[in-house]
Amino acid sequence: MKTPELITDPASWQARCTAAREGGTRIALVTTMGYLHEGHLSLMREARRRADAGGRRGLAVGTIFVNPTQFGPTEDLARYPRDLEGDLAKCAAAGLDAVLAPSDPAQMFAPGHETWVTVERASQGLDGASRPGHFRGVATVVAKLFNLTRPHVALFGEKDWQQLAVIRAMVRDLAFGIEIVGMPIVREPDGLALSSRNAYLSPDERRRALALSGALAEAREAAARGERDAAALRAGARARLEAAGGRVDYVELVHPETLAPVARAEPGSVLLLAAFFGTTRLIDNGRLP
Ligand code: PAF
């Protein structure tokens with residue numbers, strides 16, 4: 001197991017990746033904010049596989065950067081969990097060749113930075129409504145990481161369903177020419193979706209947060225029995241979250257690609273949930289049968 005090359009300076013990273021790309025190497029990228037868990041590692045292993053897909057060894061790379069521009073003023077930027085040493089060991093085990101981990105946010109957003117990427121429709125509603133400016137920060141940093149890395153393929157988790165839609169729209173509209181791959185949610189054996197923010201939960205909050213995956217399972221069962229009314233499905237999920245003491249941010253049933261709310265569940269409609277357990281806001285989602 002080889003430790004990945006660690007690069008902290010974006011300019012050196014860009015030179016490294018440009019040289020690889022110009023040498024004909026296939027590049028697969030996973031962007032993260034660190035504090036890696038099995039969900040990230042599933043993306044990294046798939047990046048390894050896809051980098052090598054051309055029949056010769058490619059470059060599987062990752063970035064670790066807690067992006068300040070996607071946090072609101074009252075959010076958890078200062079206390080966001082960090083563990084660079086542990087993360088590098090995990091990147092090594094997942095087969096990454098190199099990792100960009102800027103040591104100072106000013107390396108990515110220098111004083112005077114004034115260019116922002118706004119994905120208009122996909123950023124509306126849901127997390128976009130609850131976290132104003134969040135997707136502008138995500139789209140801008142991902143666009144910059146794409147430009148620094150120029151990957152052929154980039155992988156993102158489906159847990160952040162709206163983020164994936166925002167990135168797909170950005171890549172399409174700005175002609176990045178990068179294949180975007182969505183990867184399934186990874187869960188604990190008891191159903192809790194993996195998230196770096198799970199580290200904030202007390203044992204009691206963690207137990208109550210199982211209402212998220214429980215509500216999704218109930219909605220899937222109801223849909224399988226023939227319940228198609230979105231209002232009824234949403235009400236069932238909300239009741240389950242509230243019964244567990246969750247403070248619901250939103251419960252929405254949407255079209256999987258447009259994210260437009262639907263009145264009747266169709267096969268593939270996505271139920272999106274966001275709720276606070278204690279002070280920790282968690283999201284989860286699932287497609288209906
Ligand atoms: O999903 C994340 O961890 C972040 O939003 C991302 C895509 C790395 C951008 O900072």
Side-chain angles (χ1 to χ4, degrees), residues 10 13 28-44 46-47 60-72 75-84 86-87 90-91 94 96 98-109 113 115-119 122-123 126-128 130-149 151 153-171 174 176 178-186 193-200 272 274 280-285:
W13 178 262
L29 169 69
V30 177
T31 60
T32 79
M33 297 206 301
Y35 212 68
L36 303 177
H37 51 65
E38 189 51 38
H40 298 113
L41 303 186
S42 71
L43 305 182
M44 291 176 177
E46 184 63 13
V61 297
T63 63
I64 297 176
F65 177 61
V66 182
N67 167 31
T69 71
Q70 69 188 74
F71 288 78
E75 292 183 353
D76 53 346
L77 172 62
R79 69 170 185 144
Y80 196 84
R82 290 163 166 87
D83 176 17
L84 183 57
D87 286 348
K90 291 175 186 167
C91 292
L96 290 196
V99 172
L100 169 68
S103 42
D104 178 353
Q107 289 174 295
M108 290 293 287
F109 295 101
H113 177 103
T115 305
W116 299 97
V117 180
T118 304
V119 179
S123 300
L126 305 165
D127 269 40
S130 307
R131 307 182 65 191
H134 171 66
F135 287 120
R136 182 181 89 141
V138 169
T140 304
V141 81
V142 171
K144 185 155 184 170
L145 293 168
F146 282 172
N147 283 333
L148 290 170
T149 312
V153 56
L155 300 98
F156 293 86
E158 288 182 347
K159 186 167 79 66
D160 296 285
W161 192 276
Q162 188 177 16
Q163 169 172 284
L164 185 54
V166 165
I167 290 164
R168 284 192 197 285
M170 177 185 82
V171 165
L174 300 184
F176 272 95
I178 298 170
E179 183 191 358
I180 302 298
V181 177
M183 293 285 291
I185 297 176
V186 179
L194 295 190
S195 163
S196 304
R197 289 189 166 97
N198 291 350
Y200 301 148
L272 297 168
T280 304
R281 182 177 180 279
L282 299 178
I283 56 174
D284 202 349
N285 70 73

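FYI, the numbering just counts along the sequence from 1. We count ligands from 1, going down the list as the structure has it; atoms in each ligand are counted the same way.
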Using a strict cut-off of 4.0 Å, indicate which atoms of ligand 1 neighbour a heavy atom of [X].
{"X": "Thr32", "value": "8 (C)"}
{"X": "Gln163", "value": "1 (O), 2 (C), 4 (C), 5 (O), 7 (C)"}
{"X": "Val141", "value": "9 (C), 10 (O)"}

For this session: Flag Gln70 as yes when one of its N or O atoms lies below 3.5 Å from any N or O atom of ligand 1, and as no otherwise.
Result: yes
Exercise. Pick from Val181, Thr32, Ile167: which one makes a side-chain contact (heavy atoms from CB on, under 4.5 Å) with Phe156?
Worked result: Ile167
Problem set entry | Carboxylate-amine/guanidinium contact Asp127 Arg281, below 4.0 Å | yes
Exercise. Using 30° and 60° as the class limits, which term best fits the ring planes of Phe71 and Tyr80: parallel, tilted or perpendicular?
Worked result: perpendicular
Exercise. Should the heavy atoms of other residues, nucleotides or ligands under 6.0 Å from OH of Tyr35 be counted, would the total exceed 12?
Worked result: no
